Amino acid sequence: MNIRRHRAILLAYLGMIILLLLTSVVAPGFLSATHLRSTAVLAAFIGIVALGQTFVIIGGGIDLSVPWVLNSAAVLMTLLANSQDAPLLWIVPMLLAAGALVGMINGLGVAIFGVPPIIMTLAVNVILQGGILVYTGGAPTSTAPKAIQFLAVGRIAGFPVVLILWIVLAAFATILLSKTAFGRHLYAVGTSATVAEFSGVPTLRTTVLAYTLSGFTAALAGMLLTGYTAQAYLGMGDPYLFTSIAAVAIGGASILGGTGHYIGTIAGALVLTILTGLLPALNLSSGALLIVYGVVILVTVSLASEALSSLFAALPRFGRQRGPAA
Amino acid sequence: MTELLNATAITKRYGGITALSRADFSARAGEVHALLGENGAGKSTFIQILAGAVRPDGGTVTLAGSPYRPRDPQEAQRSGIAPVFQELSLVPDLTVEENIWFRHEPLSAVRTVRARAMREATLELFARHRFPSIRPDQELRRLTLAERQVIEIAKALSRDPKVLILDEATSALGPQETEWLLGLARGLADAGSLVIYISHRLGEVREIADRITVFRNGATVAAYDTQAVDDETIITDMLGRRMDRLYPERKKTSTDTVALGLRGFGVDHRLSDIDLDLREGEVLGVAGMQGHGQRELFQALFGIGGSRGTVDVWGKPKTIRSPRQALTGRDGLALVPEDRRNHGLLLAKSVRENLTLSVIQRFTRFGITDPRREGALVDEMIATLKIKTGTPEQLAGTLSGGNQQKVIFGKMLLTEARILLLYDPTRGIDVGTKGEIFQLMRDLAAKGYAILFYSSDLAELVHVADRVAVLRNGRLAAILEGEQNSERQILRAAMLETRAA
Amino acid sequence: APPAMAEGKTYKIYLSNNFVGNDWRQQMLRIAETVVKKPPLLGRVDLKIENVETTTQAQINSLNNIIRTKPDAILVDAGSPTALNPTLEKACAAGILVISFDQVVTADCAYKVESDWNMLPAVQAEWIAEKIGGKGKVFVDRGLAGAPISEQLQSGFEKVLKTYPGIEIVGYFNGNYALGPEQEGVASLLAAHPQVDAILTQGYGSGAIKALQDAGRPLVPVAGGGYNSASLVCAQTEGAQCILETNPAYLSAEAIKLAVDILDGKEAKEKHIFVYGPFQSTHPAPSKLYPDVKMQQIEIGKTAFPDLAPGLSLPISPDWVEITPQEAAGT
Amino acid sequence: MSVADPMSPLKMTVATSSPSELAHRPSRAAIWKSALLDRASLIIPCVMLIGLLLVYASLRDGVFTLDELNLDTAAAMTLILAATGQTIVLLRGGIDLSIGGMISLGTVLAATRFGTDPAQAAAWAFGIVAIGGLVGALNGILITALRLQPFLVTLATWSILSGTAMIILPTDGGSLPSGWTMFGVSTKLGLSSSVWLLAVLLVFWIWFKRTRLGIAIRATGSNERSAFLSGVSPIGINIATYGLSGIFAALAALYLTTQTGAGSPTIGKDYILPSVAAAVIGGISLFGGRGGLVGTIIGAFILTIIGNLVFVLEVSSYWQPIVSGIILLVAVLASSIAEKSARRSLS
Ligand SMILES: Nc1ncnc2c1ncn2[C@@H]1O[C@H](COP(=O)(O)OP(=O)(O)OP(=O)(O)O)[C@@H](O)[C@H]1O
Ligand SMILES: Nc1ncnc2c1ncn2[C@@H]1O[C@H](COP(=O)(O)OP(=O)(O)OP(=O)(O)O)[C@@H](O)[C@H]1O
Ligand SMILES: [Mg+2]
Ligand SMILES: [Mg+2]
């Protein structure tokens with residue numbers, strides 16, 4: 001493995017380990033199997049939303065429509081399924097497709113019409129929010145079907161089902177990014193759309209596909225979350241906007257596109273989850289919590305960054321470059 | 001005469017890559033001093049050290065007798081050193097004049113830029129050095145590469161430097177502009193400045209350089225007076241080996257099959273009524289003064305920007321509206337673009353990723369890429385073109401200029417397209433590799449490829465192309481062949497009518 | 001056309017609401033729309049609802065737009081207790097009746113209709129403290145950082161718990177009035193604390209119960225909010241001990257009625273009006289601090305409705321009008 | 001051996017004369033077109049705003065009056081100030097999420113420290129602006145020194161600043177001198193002080209964009225490497241850029257308190273995304289280098305007018321977000337398509 005290429009990703013994992021060590025000092029109970037498991041489960045939800053977000057960001061865009069794609073899927077699923085398992089057989093695929101379709105619309109707006117991604121996805125988010133309220137009359141929905149609850153919180157031989165799902169998705173995303181033409185194209189488009197175009201990369205298709213994937217994973221996460229809380233509620237997607245982007249950023253991707261990997265995002269999701277889990281144990285006021293949150297992010301990321309830099313200094317091939325990179 | 005600039009034992013390493021191992025250089029005021037060396041020899045690194053953009057790991061520099069170790073480019077500028085960077089130091093979103101005066105704009109009492117004064121200073125600068133006319137209020141990104149190169153030169157001159165460094169400043173310039181720049185450099189030296197001149201065109205060096213220093217693998221291997229040395233010695237010192245010939249033997253390999261047939265081809269007002277046949281096995285040169293439609297021809301054929309007229313590819317009509325429609329494997333077209341940094345290369349990605357970006361399908365099986373097959377393609381191309389890179393994973397942006405150009409050439413070769421659109425493919429490439437690239441072009445032609453070839457260096461067209469199509473004002477002025485294919489004839493066809501008009 | 005109701009003219013009333021993104025607000029809005037179509041308000045109100053994004057600025061801008069149309073009254077569910085004051089004072093000065101409800105404002109000229117946020121947490125904390133025999137370790141939900149009601153609820157809990165020397169608050173979490181964060185917050189605290197005897201949430205309470213179950217911990221007394229989902233979980237979970245407060249979603253109806261009354265010329269007794277709904281509990285017990293409060297037994301069919309939406313806020317209807325659960329749920 | 005044949009044939013013809021133009025002279029129309037295109041990112045939002053205003057005026061009386069201008073300017077001003085800082089950072093090619101925390105902190109400090117003494121209030125007002133500048137400069141230093149993404153660094157400082165605000169004032173409250181809240185209401189020559197403030201801001205921008213710093217910020221956003229090679233200091237430019245952003249966030253906070261008469265430890269987050277959105281609608285690229293404050297101001301007005309428009313359209317409450325989303329999308333879509341086709345016709 002070429003360490004330098006993956007510096008940012010290593011950095012995220014190093015940060016995660018530093019954080020875990022910190023946690024174990026503050027509250028030893030955190031390293032219990034039970035809690036690690038529940039942390040991983042929570043990270044899975046962020047991780048799944050952030051999967052699509054990773055693709056979009058690598059491609060040089062951003063998806064702000066995640067909250068209401070997620071929320072819409074959750075609300076519609078519980079509404080249509082009415083607590084029954086059987087209808088899930090058509091509801092789940094249909095809603096996944098619907099999520100993908102919304103993503104595709106985002107992608108088309110961005111790629112064909114050149115609408116700035118921030119505006120495109122923001123508008124779609126607002127429209128979806130209104131749309132779902134109009135459609136359901138804002139009605140609270142039924143409890144989540146048992147099968148969905150099983151997916152979200154159930155275990156197979158002690159291992160959480162949602163983690164299995166996450167691992168499968170992570171493998172899929174990793175292959176897609178590292179091993180397919182689509183992945184190559186995505187990085188190229190995110191690095192320079194002009195060069196990609198000159199190189200015969202199907203820029204339009206690539207961009208649209210990334211957004212489509214994001215719509216898909218947001219819808220999936222929405223349905224899974226319904227299983228976690230046993231019901232859908234309005235506003236359940238809101239926390240996932242910044243967390244999904246932050247997970248990608250902590251995972252080493254530049255918000256300007258072209259770099260990053262889902263493997264990093266996984267660490268990002270874990271960092272965020274461990275941190276939000278750790279904070280209550282500190283018994284601080286809300287204000288102090290926010291300060292600690294900020295400081296911890298800054299310190300872990302830069303500690304990891306320093307540690308890595310000295311590692312590089314020790315390695316012959318990878319010196320630091322002076323001045324801004326070309 | 002005392003030396004103005006003296007550098008001894010300069011070293012610079014980038015991790016495991018040694019850019020400069022032991023570079024010595026000394027030059028005096030009032031001379032044009034050429035710095036030569038093959039691609040990746042460390043010339044630009046040396047320049048960047050002088051310019052304060054890179055700090056050396058070891059060695060000393062003295063300027064006018066006192067130690068010189070600039071902390072940043074600004075300090076270098078203050079010491080009177082003005083570089084024309086090979087990679088250019090221009091900002092696309094500023095206007096031409098803003099670029100020229102960037103960081104030393106004329107200021108008003110309230111510390112704002114005095115637009116009128118800046119315009120006057122620009123026009124005065126242009127007039128003083130007889131610059132080609134370029135509208136000073138245009139955004140730089142609307143300029144062609146050659147125009148940008150000229151602006152980079154203007155930017156350096158705007159500081160009235162004691163030391164002017166020209167790092168391959170002519171590589172993107174056509175014959176006329178090159179001649180102008182040579183005159184300008186000579187003039188400056190005669191007026192007492194030091195001009196450090198880097199170029200891969202020996203002819204130019206011969207014409208203006210008083211002395212020559214040669215780098216090889218990051219170390220100084222020779223320094224001599226231009227008068228006292230012949231080309232063969234220079235080249236042998238540069239390459240570390242003898243070179244037989246630059247231009248290959250030209251055998252007629254073209255057949256009657258038309259690979260690329262254009263009828264009434266045009267691009268808005270910049271190119272019109274082009275009827276042209278590029279045959280199988282042929283290298284067809286394209287010549288013309290800068291801005292007379294060559295780049296539009298190449299770009300439009302590759303599907304960039306709109307075009308009119310009909311295009312037949314291997315006998316069948318074909319519409320090409322995007323590079324994707326051009327790049328269709330063996331029966332398609334591939335392009336070496338003009339602007340390597342903005343159109344050709346993902347600077348932040350590796351050599352490997354760049355080389356294979358257009359041909360991912362070639363090593364994809366069942367949707368999954370095969371790193372071994374990819375590695376094989378990459379290694380082969382690196383070997384064929386002698387791309388000087390630490391590993392295939394080195395970032396393309398950290399390659400030397402010539403090696404970046406080779407990556408683009410390799411990227412195009414990998415597409416296996418048999419119609420090649422080569423827009424100045426040897427720009428910035430050293431003589432050794434140039435010779436190999438010409439040989440490769442002839443070999444490909446012999447294998448049935450069809451090559452459309454533009455070069456800013458007329459000699460290349462004369463020596464490598466079977467025929468040369470000359471453009472003037474966006475129209476086909478002449479097609480020169482055989483005896484007619486000479487620099488004089490090309491220039492005549494390209495310029496005469498323009499003068500008259 | 002609706003039959004002209006008894007006396008009086010029709011008032012143009014705007015309802016400015018700063019947030020649509022949760023079930024409670026939705027129910028509040030639905031009830032507002034429903035109640036003006038029923039006697040005694042039938043035909044009396046031309047109700048226009050203006051929802052804005054969550055930002056205070058947007059609500060200020062929207063209120064400015066409303067003021068320019070010179071309505072008879074403005075009802076506000078406010079994004080900030082103070083930030084709208086200058087704007088609302090402008091409305092008052094323009095002769096518009098201003099009633100803030102739910103999240104009220106501090107502007108003097110505005111009427112305030114809300115739940116009693118001092119009483120609610122006190123009664124819950126008292127119930128919990130008694131339930132655990134006056135001693136033990138508890139978790140407290142801090143609600144949403146920066147939200148005024150969160151502060152009130154938290155300090156209300158703390159004030160009462162402090163009077164029991166045996167009770168120690170060992171952990172705080174931010175439930176954010178959403179199920180997910182509540183469940184996550186409790187789960188984190190459970191990992192850090194091997195022992196917990198009660199949990200006081202500002203949200204649902206059912207999230208806390210679910211977190212306990214997921215961690216394989218014994219159920220402990222839980223305080224939560226009056227949502228159908230919470231009632232259902234409390235009623236259906238073996239061994240659950242709950243006390244649920246209520247912040248009736250029909251506050252909007254109360255505000256509308258108050259507006260019509262005042263516009264009709266009936267002087268309101270107070271400018272600050274509290275609306276009380278009954279507590280619900282698995283183990284109702286009288287409060288010593290507030291002897292008057294009503295506490296209902298949680299019972300399927302009466303206070304918990306398996307066939308209704310879990311997000312439904314209880315109680316559903318004020319006593320001066322009949323709003324059905326279906327109307328409140330919008331089904 | 002046939003090494004490059006020197007340029008002998010040319011010598012006598014050109015060496016003594018100036019070279020001809022590099023390109024044949026473009027037609028007057030082409031020059032116009034490219035001039036228009038260079039300004040497209042400003043012209044198009046202008047057209048968008050005018051379009052929206054025309055629709056708005058057809059639905060409500062008195063749109064083209066000073067009253068309306070005063071009202072809308074007050075409504076947009078906080079966003080405009082916040083977006084000014086964001087614009088500067090975006091031009092640099094960065095992003096500043098910490099303005100959310102800085103605005104909260106600013107309002108909270110104002111509401112708790114101003115007291116009733118005008119001198120004390122004035123001193124604290126300056127103090128808040130200075131804090132904004134310092135915090136921003138710190139962002140700049142961290143970004144450069146730690147070589148971390150602006151997004152991450154400012155995310156962290158956003159959180160830290162919000163937390164500080166929350167410690168100072170846990171929930172909305174505090175108070176400001178009564179004269180302070182009259183700021184936006186007072187008028188001169190029929191124009192409210194908000195409009196005058198906007199005018200001052202424009203004058204500042206006209207000045208700033210023509211300073212060396214203003215040019216260097218745009219240049220660095222456009223091409224960081226070139227800016228460095230030309231003598232721009234990487235850390236200096238970041239300190240200046242983010243410092244200015246902090247100062248404008250502080251100014252936005254101060255203005256906001258004249259509207260709300262109170263402090264709020266959470267209010268700042270309302271301006272993060274909209275500040276970016278206003279800038280992007282106004283033609284600023286997230287990739288840096290392009291656009292200006294005028295576009296951003298227009299973008300902020302567009303966002304504000306859309307709210308008014310939805311109000312006068314009297315759509316039922318659930319439809320309001322849908323309609324505002326669609327208006328935004330249609331407006332931006334129209335401009336994107338216009339710009340795209342303009343670009344195509346030229347290239
Ligand atoms: N930032 C960097 N990181 C790693 N290697 C670098 C970097 N910059 C330059 N190099 C390496 O240093 C060597 C010298 O490069 P330099 O650009 O000085 O060559 P050059 O003589 O100018 O060649 P050319 O004629 O092709 O322009 C090359 O091998 C190049 O890859
Ligand atoms: N009107 C023109 N005249 C001359 N050269 C042009 C013109 N327009 C573009 N170019 C050149 O063509 C290249 C390709 O331009 P490209 O298609 O990337 O878009 P652009 O016009 O530069 O604008 P943008 O990058 O903002 O989309 C530019 O680098 C520039 O050198
Ligand atoms: Mg471009
Ligand atoms: Mg070089």
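Only a predicted model underlies this, so the values are computations on that prediction, with no experimental measurement involved. The chains referred to below are lettered A, B, ... by the order of the sequence lines, with proteins before strands, and numbering in each begins at 1.
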Colleague: Taking every non-hydrogen pair under 4.5 Å, which of D:Ser233, D:Ala227, D:Gly288, D:Ser230 racks up the most with chain B?
Modeller: D:Ser230

Colleague: So do the side chains of B:Phe102 and D:Val232 get within less than 4.5 Å of each other, counting heavy atoms only?
Modeller: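 Yes, side chains in contact.
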
Colleague: Which answer fits B:Lys434, side chain, backbone, both or neither, if we ask what part of it has an atom under 4.5 Å from a heavy atom of chain D?
Modeller: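 Contact with chain D: none, neither part.
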
Colleague: Using a 4.5 angstrom heavy-atom cutoff, name the option from B:Asp72, B:Leu88, B:Val110 with the most pairs to chain D.
Modeller: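 Of B:Asp72, B:Leu88, B:Val110, B:Val110 has the most heavy-atom pairs under 4.5 Å with chain D.
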
Colleague: Just wondering, do D:Leu229 and B:Glu87 contact through their side chains at under 4.5 Å, heavy atoms?
Modeller: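 Yes, side chains in contact.
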
Colleague: Taking all non-hydrogen atoms of both residues, which atom of B:Ser89 and which atom of D:Ser226 are closest, and how far apart?
Modeller: C-OG, 3.3 Å

Colleague: Charged N to carboxylate O under 4.0 angstrom, B:Glu98 versus D:Arg218?
Modeller: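 Looking at B:Glu98 and D:Arg218, the cut-off is met.
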
Colleague: Name the option with the most non-hydrogen atom pairs under 4.5 Å to chain D; the candidates are B:His104, B:His129, B:Gln48, B:Glu460.
Modeller: B:His104

Colleague: Quick one: closest heavy-atom pair of D:Arg290 and B:Arg141, and the distance?
Modeller: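 Looking at all heavy atoms of both residues, the closest pair is NH2-NH2, 2.7 Å.
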
Colleague: If you count heavy atoms of other groups shown closer than 6.0 angstrom to CZ of B:Arg128, is the number above 12?
Modeller: yes

Colleague: Using the rule given for salt bridge (Lys or Arg N to Asp or Glu O under 4.0 Å), can you reason through D:Arg210 versus B:Glu105, listing the C-alpha separation, both sets of side-chain angles and the distance that settles it, and then say yes or no?
Modeller: CA-CA 10 Å; D:Arg210 294 168 58 221; B:Glu105 301 91 347; over 6 Å; no

Colleague: Mind checking side-chain contact (heavy atoms from CB on, under 4.5 Å) for D:Leu202 and listing every partner two or more places apart, or none if nothing turns up?
Modeller: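 With sequence neighbours excluded, D:Leu202 shows a side-chain contact (heavy atoms from CB on, under 4.5 Å) to D:Val294, D:Ile297, given in chain and number order.
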
Colleague: In terms of heavy-atom proximity below 4.5 Å to chain D, should B:Arg103 be classed as side chain, backbone, both, or neither?
Modeller: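 For B:Arg103, backbone and side chain are both near chain D.
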
Colleague: Measuring from atom CZ of B:Arg111 to atom CZ of D:Phe208, what distance do you get when rounded to the nearest 0.5 angstrom?
Modeller: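 With rounding to 0.5 Å, CZ (B:Arg111) is 13.5 Å from CZ (D:Phe208).
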
Colleague: Once rounded to the nearest 0.5 Å, what's the spacing between atom OG1 of B:Thr112 and atom CD1 of D:Ile215?
Modeller: 9.5 Å

Colleague: Residues in side chain to side chain donor-acceptor pair (under 3.5 Å) with D:Thr84, at least two apart?
Modeller: none

Colleague: Considering residues, nucleotides and ligands other than D:Phe126, do more than 12 of their heavy atoms fall under 6.0 Å from its CZ?
Modeller: no

